[in-house]
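Below is one structure; the comments refer to it alone.
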Amino acid sequence: MIIKIISGILILFSAFMGVRQGLKGWNIRPGDTGPFVHIQQELQFSERTLKVFAALTMLSGVLLLAPQTFLFANILNICLFLFLIIRWLMIGDTKAALSEVPFLLIPVVLIFLKHPFAMK
């Protein structure tokens, strides 16, 4: 029972953060400022790359909620975090790359814990 509660909390957290970060990336306009925009500029994302990344992030957040798409959403999240880590390493910011590792582990833990409403 406790594992299902922990899994549910992690799913809600991941879904909320995925949709939130995706919306932030989707709504960036040329000339915007702020820490999120600064990070995107550091990563050297083109506008198209940022929109695709934001859409995939929102998609993975929404797909996490359904047991049928749970595994796919977690694999997509892992790929997105690996993409970010690789981009940080390409520009030489090891500290930022390492800061993504705990977020990379959340989908791995979720796969291990399974969806709380999945049929056995």
Side-chain angles (χ1 to χ4, degrees):
M1 182 66 174
I2 297 293
I3 291 179
K4 285 188 176 192
I5 293 171
I6 292 170
S7 177
I9 291 169
L10 279 175
I11 288 169
L12 291 175
F13 173 76
S14 292
F16 171 74
M17 291 303 289
V19 171
R20 181 175 158 241
Q21 291 300 103
L23 285 173
K24 274 186 177 180
W26 189 263
N27 291 323
I28 288 180
R29 302 287 178 246
D32 284 352
T33 59
F36 189 78
V37 176
H38 178 69
I39 289 171
Q40 304 312 319
Q41 290 170 345
E42 263 188 67
L43 288 169
Q44 302 168 355
F45 281 169
S46 68
E47 188 175 337
R48 178 177 287 164
T49 304
L50 181 59
K51 297 294 182 196
V52 169
F53 191 81
L56 289 173
T57 303
M58 286 187 287
L59 178 67
S60 69
V62 171
L63 291 178
L64 269 175
L65 300 174
Q68 298 85 355
T69 57
F70 179 73
L71 181 62
F72 175 74
N74 280 305
I75 292 171
L76 181 58
N77 267 334
I78 290 169
C79 292
L80 292 171
F81 283 119
L82 284 174
F83 177 72
L84 278 178
I85 290 170
I86 291 168
R87 290 297 293 201
W88 282 118
L89 291 173
M90 285 173 61
I91 62 171
D93 195 345
T94 308
K95 185 178 176 183
L98 290 175
S99 73
E100 296 291 335
V101 171
F103 299 107
L104 173 68
L105 294 177
I106 290 174
V108 175
V109 169
L110 280 173
I111 291 171
F112 175 74
L113 293 177
K114 298 187 177 40
H115 198 284
F117 299 125
M119 297 294 172
K120 294 192 179 197

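This one's a predicted model, so the numbers in the text were calculated from it and none came from an experiment. Position 1 is the first residue of the sequence; numbering continues from there.
Through side-chain heavy atoms spaced under 4.5 Å, either directly or across other Ile, Leu, Val, Met, Phe, Trp or Tyr residues, V19 is tied to L23, W26, M58, V62.
For the side-chain hydrogen bond (donor to acceptor under 3.5 Å, both in side chains) test, no residue two or more places apart in sequence or in another chain qualifies with S99. T94 pairs by the side-chain hydrogen bond (donor to acceptor under 3.5 Å, both in side chains) definition with nothing, not counting sequence neighbours. Residues passing the ring pair (Phe, Tyr, Trp, His ring centres under 6.0 Å) test with F70, sequence neighbours excluded: H115.
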| request: For side-chain contact (heavy atoms from CB on, under 4.5 Å), just list the numbers for I111 and I78, CA-CA rounded to whole Å, side-chain angles, deciding distance to a tenth of an Å, and then say yes or no. | output: CA-CA 11 Å; I111 291 171; I78 290 169; 4.0 Å; yes
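A side chain to side chain contact (heavy atoms under 4.5 Å, CB included) with L110 is found for one member of L71, I6, I11 and no other, namely I11.
Here the straight-line distance linking atom CG of D93 with atom CD1 of I85 works out to 12.0 Å at 0.5 Å rounding. Distance check: I86 CD1 to I91 CD1 gives 13.0 Å after rounding to the nearest 0.5 Å. The structure places CD1 of I9 at 12.0 Å from OG of S14, a figure rounded to the nearest 0.5 Å.
Counting only residues at least two apart or on different chains, the ring-ring contact (aromatic ring centres under 6.0 Å, His included) pairs with a member in residues 41-65 are F45-F53, F45-F83, F53-F83. Judged as a side chain to side chain donor-acceptor pair (under 3.5 Å), the pairs with a partner in residues 56-66 (not counting sequence neighbours) are, in order, S60-N77.
In terms of heavy-atom proximity, G25 sits nearest to A54 at C-CB, 3.8 Å.
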